[in-house]
Protein chains: 2
Amino acid sequence: MSVTTLHRPTHRDALSALSAAFERGELVTVFGRCTVDYDGRAASSLGPGDRLLILKPDGTALVHTDEQRTPVNWQPPGSEHRAAVRDGRLRVRSVRGNPDERLDVRFERVDQVSALPVTGGRSVDVYGSEEDLRQEILDDPDLVEPGFEPAATERQTAAGPVDLFGHDDEGRPVVVELKRRRVGPDAAGQLGRYVEALSREVPDGTEVRGVLVAPSVTDRARELLAEKGLSHVPLAPPAESSTAADTAASGDGGEPTTVGDSSSEPEDGAD
Amino acid sequence: MSVTTLHRPTHRDALSALSAAFERGELVTVFGRCTVDYDGRAASSLGPGDRLLILKPDGTALVHTDEQRTPVNWQPPGSEHRAAVRDGRLRVRSVRGNPDERLDVRFERVDQVSALPVTGGRSVDVYGSEEDLRQEILDDPDLVEPGFEPAATERQTAAGPVDLFGHDDEGRPVVVELKRRRVGPDAAGQLGRYVEALSREVPDGTEVRGVLVAPSVTDRARELLAEKGLSHVPLAPPAESSTAADTAASGDGGEPTTVGDSSSEPEDGAD
DNA sequence: CGTGCCAGGTGCCCT
DNA sequence: AGGGCACTTGGCACG
C-alpha cells in the first residue's frame with residue numbers, strides 16, 4: 001500500500017500499471033512525450049512535448065506543463081479513463097457525456113508512471129468568505145448603518161435570492177449585497193436588479209434602498225451605483241472566522257533554503 | 001536530462017533534490033503525508049493526509065487530493081518556493097506579494113520526490129471561442145439580421161468596450177453582445193449598460209438597439225431582455241474555426257482496455 | 001499596475 | 001438536469 005513507480009516502462013507495462021492503480025482507486029501520474037487533443041465544448045490540439053498527466057480515481061484528468069496554475073488541458077470529474085496501446089503509442093482517453101467531451105493524450109515515450117495512494121481530508125474550511133462577511137454583519141448590524149435591522153438572508157425575489165434583507169432606522173426595506181472583495185460594475189448591476197425586483201413586491205410608493213457591502217468599489221461601479229441611487233458601505237470580511245479555532249501558527253520562523261528563486265540575496269547557510 | 005526520482009528519501013535528501021531540480025528549471029512533484037496551511041486573500045488549513053504537491057518553475061504550487069479538478073490548495077504563478085527542514089518535517093513554503101499570500105506544506109513523511117524536465121508547447125489554440133463567433137458574424141452579418149452592417153469591434157463606450165457595433169437596415173445604431181454559450185441575467189445586464197451608454201453619445205431621439213447573440217438564454221435573462229427592449233439572436237460559435245487547419249483525427253478506433261471504470265461490460269481482451 | 005471581461009471557467013446549492 | 005451565483009476564481013488585453 002505504498003507508491004508504485006515505473007521508470008521508462010514499455011507501453012504495455014505502463015498500461016498494466018494504469019489498470020492496477022485504478023483498481024486500487026489510486027491517483028496516477030504519467031510523465032513523458034505526448035500530444036494532446038481535446039474536443040467538446042470547444043476543441044484544441046497540442047503538439048509533442050514532455051508533460052505531466054494526472055489521472056484521478058474520480059474521473060478527473062489534468063495535463064500540466066511547466067507554467068500556469070490552469071492545466072493546459074483537462075477533463076472534469078466523472079469522466080471515464082481508458083488506456084490502450086495504438087500505433088506504437090500509449091493512448092490515454094478520457095471521455096464524458098453531457099456535454100460530450102473527449103480528451104486524448106498519446107505518449108510516444110513514457111518516462112515515468114506512478115500510482116499514488118491518496119488519503120486524508122480533501123476539503124478545507126476557508127475563512128474570509130462572503131459567508132463570514134454575512135456573519136460579521138449579523139453579529140453587528142450597525143456595520144451596515146446605525147439602526148439597520150436584518151430580517152432575512154437569501155430572501156427570494158423575482159430576480160433571485162438577496163444576500164441580506166432588512167430595514168433601516170425609519171422602517172424602509174433595505175437590500176444588502178455582500179462581496180468579499182473589490183467589485184466592478186457587475187455587482188452594481190446585480191444589486192440594482194434585486195432592488196428593482198423588490199420594489200415591485202412592495203406597496204406603491206415605498207422606497208426600497210440598496211446597499212453594496214464590499215471592501216471597495218471601482219470607479220465605474222461607483223458611477224453605476226450613484227446612477228441607480230444605491231450606496232456602498234466599505235467593509236471587508238474579518239481576518240479570521242469567528243467560529244474557527246485559533247490556528248495561528250507561531251514559532252515557525254527561520255531562514256529556509258531558497259530553492260525556487262535566484263533573485264534574492266544569498267542565504268547564509270541556514271536550513 | 002531525464003526524470004529524477006527519490007523513493008522514501010530522508011527530508012534532507014528530498015530538500016537537496018528540490019534545490020537541484022529548481023536550479024535546472026524542472027517541475028517537481030512531492031508525494032507524502034502532509035498538512036497544508038494557507039493565508040492570504042482568504043485562509044485555510046488542512047489536516048494530515050497523503051497528497052500530491054506540484055511545484056512549477058514559474059512559481060506555481062498545487063496541492064492535489066484524489067478528487068476534483070481544482071487543487072485543494074494552491075499558490076499562483078510568480079510565487080517563490082522555499083524548502084527547509086523544521087521540527088523533523090520537510091516544509092515547503094510558497095510566498096508571493098500583492099496580495100501577500102503564503103502556502104505552507106509540511107511533510108512528516110515523503111514517499112516520493114520527482115524532478116520532471118517539462119518541454120514543448122504549453123499553449124493551445126482553442127476553437128469555438130467568442131472570437132470565432134465574431135468572425136462567423138463578420139463573414140456573414142446577415143446572421144444577426146438581414147441588412148445588418150458591422151462598423152466596429154471593441155467599440156469603446158462609457159460603460160466599456162462593445163463586442164460588435166453596427167447599423168441595421170434602417171441606419172439605426174446596433175450594439176451586439178457576443179456570448180459563446182447559453183447565458184443568464186448578467187449578460188442581459190451587460191448589454192443593457194452598453195446600450196444605455198451609447199444612447200447618451202448619440203443625438204437625442206436616436207434609438208439604439210441591443211442584440212444579444214448567444215446559443216440560448218435562460219428565462220430570467222429573457223425577461224430582462226424584454227424589459228429593456230433588447231433582443232436575442234440564437235447563434236452558436238462554429239464547430240470548427242474557419243482559420244484552423246483540419247485536424248480531424250481518424251483511424252483511431254478500436255476497443256481499448258478500460259482502466260478507470262468498472263461499471264461497463266467486461267472487455268473482450270482487445271488491445 | 002488597476003479595470004474590465006472572457007473562460008472548455010469550476011464548484012455549490014437550489015428548484 | 002438546469003439555473004443562479006460565489007470563487008484564494010484564473011488569465012488576458014488595454015488604459
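Convention: sequence-line order gives letters A, B, ...; per-chain numbering from 1.
Put simply, NZ on B:Lys179 is 9 Å from P on C:dC5, counting in whole angstrom units. With rounding to whole Å, A:Arg181 atom CZ is found 11 Å from C:dT3 atom P. The NE2 atom of B:His64 sits 12 Å away from the C1' atom of C:dT10 (whole-angstrom rounding). Atom CG of B:Leu133 is separated from atom C1' of C:dA7 by 14 Å (rounded to the nearest Å). When the C1' atom of D:dC5 is taken as reference, atom CD of A:Glu177 falls 9 Å away, rounded to whole Å. Per the geometry, CD belonging to B:Glu154 stands 20 Å off P belonging to C:dT3, to the nearest Å. Atom CD in B:Gln68 sits roughly 8 Å away from atom C1' in C:dT10 (whole-Å rounding). One can place OH of A:Tyr38 at 12 Å from P of C:dA7, the figure rounded to the nearest angstrom.
Comparing C:dG8 with D:dG4, their P atoms sit 22 Å apart, to the nearest whole Å. The separation of D:dC7 from C:dC6, taken at their C1' atoms, amounts to 16 Å, rounded to a whole angstrom. For the P atoms, the distance from D:dG11 to C:dG11 is 15 Å, rounded to whole Å.
Within 4.0 Å of A:Pro77, counting heavy atoms only, lie sugar-phosphate atoms of the nucleic acid but no base atom. Contact annotation for B:Ser129: backbone-only contact, meaning every heavy-atom pair under 4.0 Å involves sugar-phosphate atoms and none involves a base. Among the atoms of the strands shown, only primed sugar atoms or phosphate atoms (P, OP1, OP2) are found under 4.0 Å from some heavy atom of A:Ala159. Counting any heavy atom pair closer than 4.0 Å across all strands shown, B:Glu67 reaches no nucleic acid atom. Using a 4.0 Å heavy-atom criterion, one finds that B:Glu101 contacts the bases of the nucleic acid, with or without backbone contacts as well.
For the pair A:Gln190 and D:dG4, the criterion of a side-chain N or O lying under 4.0 Å from OP1 or OP2 is not met. Look at B:Thr70 and you won't find any side-chain N or O under 4.0 angstrom from OP1 or OP2 of C:dT10. Contact annotation: A:Arg180 reaches the phosphate of D:dT9 (side-chain N/O to OP1 or OP2, under 4.0 Å). For A:Trp74 and C:dT10, the shortest distance from a side-chain N or O to OP1 or OP2 is below 4.0 Å. For C:dG9, one of the phosphate oxygens OP1 or OP2 lies less than 4.0 angstrom from a side-chain nitrogen or oxygen of A:Arg41. A sub-4.0 Å separation between OP1 or OP2 of C:dT3 and a side-chain N or O of A:Arg182 is present.
Judged by distance alone, with hydrogens and angles left aside, B:Asp186 brings no side-chain donor or acceptor close enough to the base of D:dG4 to form a pair under 3.5 Å.
Here A:His81 contributes atom NE2 and A:Arg96 contributes atom CZ; the two are 12.5 Å apart, rounded to the nearest 0.5 Å. Considering CZ of A:Arg82 and CG of A:Asp104, their distance stands at 12.0 Å, rounded to 0.5 Å. Going from atom CD of A:Glu227 over to atom CD of B:Glu196 covers 5.5 Å, rounded to the nearest 0.5 Å.
Heavy-atom distances to DNA chain D give each of B:Asn73 and A:Gly160 a nearest nucleotide, and the one nearer the 5′ end belongs to A:Gly160. Residue B:Gly184 is the one, among B:Gly184 and A:Val124, whose nearest nucleotide of DNA chain D lies closer to the 5' end (criterion: closest heavy atom). Mapping A:Val183 and B:Val126 onto DNA chain C by nearest heavy atom places A:Val183 at the nucleotide closer to the 5' end.
Side-chain contact between A:Ser231 and A:Val211 is present, with heavy atoms from C-beta onward closer than 4.5 Å. The side-chain heavy atoms of B:Val183 and B:Glu177, taken from C-beta on, include no pair separated by under 4.5 Å.
In this structure, the nucleotide among D:dT8, D:dG4, D:dT9 sitting nearest to the side chain of B:Ala42 is D:dT8. In this structure, of C:dG8, C:dC5, C:dG11, it is C:dC5 that holds the atom nearest to the side chain of B:Tyr194. With D:dG4, C:dG8, D:dC7 as the candidates, the nucleotide lying closest to the side chain of B:Pro185 is D:dG4. Between D:dG11, C:dG8, C:dC6, one nucleotide has an atom nearer to the side chain of A:Arg69 than all others, and that is D:dG11. Looking at the side chain of B:Gln156, the nearest of the listed nucleotides D:dG11, C:dT10, D:dG15 is D:dG15.
Residues from residues 213-221 of chain A with heavy atoms under 4.0 angstrom of DNA chain C, sorted by number: A:Thr218, A:Arg220.
Remark: the backbone N or O of B:Gly184 is not paired with any side-chain donor or acceptor of B:Thr218 at under 3.5 angstrom. B:His232 places a side-chain N or O within 3.5 Å of a backbone atom of B:Ala214 that can act as its donor or acceptor partner.
Electrostatic pairing of B:Glu131 and B:Arg134 counts as a salt bridge here, judged by a charged N lying under 4.0 Å from a carboxylate O. Looking at A:Arg106 and A:Asp37, a side-chain N of the basic residue comes within less than 4.0 Å of a carboxylate O on the acidic one, giving a salt bridge. Ionic pairing of B:Asp66 and A:Arg122 is present here: one or more N-O contacts between side-chain nitrogen and carboxylate oxygen are shorter than 4.0 angstrom.
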